[in-house]
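The structure appears right after this line, and notes come after that.
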There are 2 protein chains.
Amino acid sequence: MATTRDRIITATNELFRRQGYNGTSLSQISEASEATIGSIYHFFPGGKEELAVAVVETTGEVYRQLFEAIVAEVEGPADGIRAFFAGAAAVLAESDYIDPCPIGTVAREVANTSEPLRLAAERAFASWIASAREFAVGAGAGPHEADRLATLFVATVEGAFVLSRTQRSPAALEAAGETFAHLLATIDAAVPGSHS
Amino acid sequence: MATTRDRIITATNELFRRQGYNGTSLSQISEASEATIGSIYHFFPGGKEELAVAVVETTGEVYRQLFEAIVAEVEGPADGIRAFFAGAAAVLAESDYIDPCPIGTVAREVANTSEPLRLAAERAFASWIASAREFAVGAGAGPHEADRLATLFVATVEGAFVLSRTQRSPAALEAAGETFAHLLATIDAAVPGSHS
DNA sequence: GTCTATAATTTGATAGAC
DNA sequence: GTCTATCAAATTATAGAC
């Protein structure tokens with residue numbers, strides 16, 4: 001059975017996915033989590049901002065593990081990446097195009113107004129990039145190429161979420177999946193940066 | 001001299017870039033635009049939502065023209081794309097990493113709560129994709145490949161904005177620029193979709 | 001077209017009983 | 001740990017004089 005703290009984080013995560021940080025009120029969180037405002041402040045004395053940091057940290061870790069699990073269970077890096085984007089597209093369509101990732105939304109909203117939240121989002125992205133970098137190295141990329149591919153991968157995932165969600169179509173995620181699979185399959189030619 | 005309506009749109013655009021839609025209040029817009037709340041409702045009777053639609057439409061058109069101007073003045077598609085991403089990185093760093101594009105932020109915030117705003121963002125993205133598609137065709141892509149590259153291009157731009165802004169580093173935009181220039185330079189091999 | 005005044009509601013946050 | 005009651009401030013929006 002979920003603890004109160006977990007219920008609050010889960011409910012906030014889902015509300016952020018639909019409405020973002022500023023669009024979600026504590027009263028909504030209280031109602032959705034079946035916890036009183038007093039309980040929320042008991043677990044997160046810093047209020048909404050501290051709660052949001054916890055949500056970003058939790059989600060960042062969950063998604064990092066999810067990425068690693070998906071690509072690990074498929075043979076070959078190109079097919080692993082393909083499976084990842086295909087899975088994301090399926091989840092998005094099933095959820096009626098609710099944002100899969102609250103971190104990107106929150107980051108864009110508050111990067112200039114809340115430094116603790118910006119840093120939490122930066123840490124989450126950094127952990128994804130580190131994970132993707134390892135994956136790229138396993139696919140044959142050199143350290144420099146792996147850096148670049150990993151950074152671009154995370155950016156592409158976030159961007160494809162924005163587009164697919166707005167268009168209510170998996171097209172952007174599909175385009176990203178196919179192109180990235182190709183980049184991994186032709187890894188030496190794909191990244192021209194080794195001579196720069 | 002700028003009309004009151006233009007001042008309101010410009011000020012709102014800049015506030016959305018820093019704080020997003022829900023994080024920006026009408027009183028802030030009133031102060032920044034030096035127009036009273038009454039004037040705002042005079043020009044936008046539908047209130048904040050109608051104003052935001054106008055901001056998204058205006059910004060979408062401005063950026064479409066900007067993209068076309070940048071790639072037109074450089075020789076060769078690969079270098080044109082490189083110039084585009086390099087320019088975006090420079091603007092971002094100069095502006096202390098304020099979001100270059102309010103549309104992506106607003107789209108993510110309200111895609112599930114305001115259909116008029118979601119549709120405005122979708123139209124803006126569609127116009128960019130159409131412009132990029134023409135560019136890809138000019139670079140030698142077939143119609144199918146051009147569709148895919150153009151969609152991925154817009155997604156990559158948006159995603160690189162999220163990452164560069166959160167990381168306060170141009171790395172993501174640079175990675176996107178180099179990889180996209182390469183994709184355009186090797187256009188037949190880059191998009192494996194023609195046989196699918 | 002611009003202004004002030006204000007209505008009605010909601011916000012994030014706190015205090016203190018239990 | 002959970003609850004209710006409440007605060008001060010801010011929110012979108014409207015009315016009506018000028």
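- Comment: B:Glu14 does not engage B:Arg17 in a salt bridge, judged by the lack of any side-chain N to carboxylate O separation of less than 4.0 angstrom.
- Separating the CD atom of B:Glu31 from the P atom of D:dA10 is a distance of 12 Å, rounded to the nearest angstrom.
- In this structure, A:Ser27 reaches the C:dT11 phosphate: one of its side-chain N or O atoms is under 4.0 Å from OP1 or OP2.
- Straight-line distance from the NE2 atom of B:His42 to the P atom of D:dG16: 18 Å, rounded to whole Å.
- The nearest whole Å value for the distance from the CZ atom in B:Phe44 to the P atom in C:dG1 is 12 Å.
- Residue B:Asn22 contributes atom CG, which lies 13 Å from atom C1' of C:dT11 at whole-angstrom precision.
- Under the 30°/60° scheme for interplanar angles, the aromatic rings of A:Tyr63 and A:Trp128 are found to lie parallel.
- In this model, the phosphate group of C:dT2 is approached by a side-chain N or O of B:Thr4 to a distance below 4.0 Å at OP1 or OP2.
- The nucleotide whose nearest atom lies closest to any side-chain atom of A:Leu26 is, among D:dT2, C:dG12, C:dG1, C:dG12.
- If you measure from atom CD of B:Gln19 to atom P of D:dT11, you get 10 Å, rounded to the nearest angstrom.
- Between A:Ile37 atom CD1 and C:dA15 atom C1' there is a gap of 14 Å when expressed in whole angstrom units.
- For A:Ser39 and D:dT2, the shortest distance from a side-chain N or O to OP1 or OP2 is below 4.0 Å.
- Residue B:Ser25 places at least one side-chain N or O under 4.0 Å from the OP1 or OP2 atom of D:dT11.
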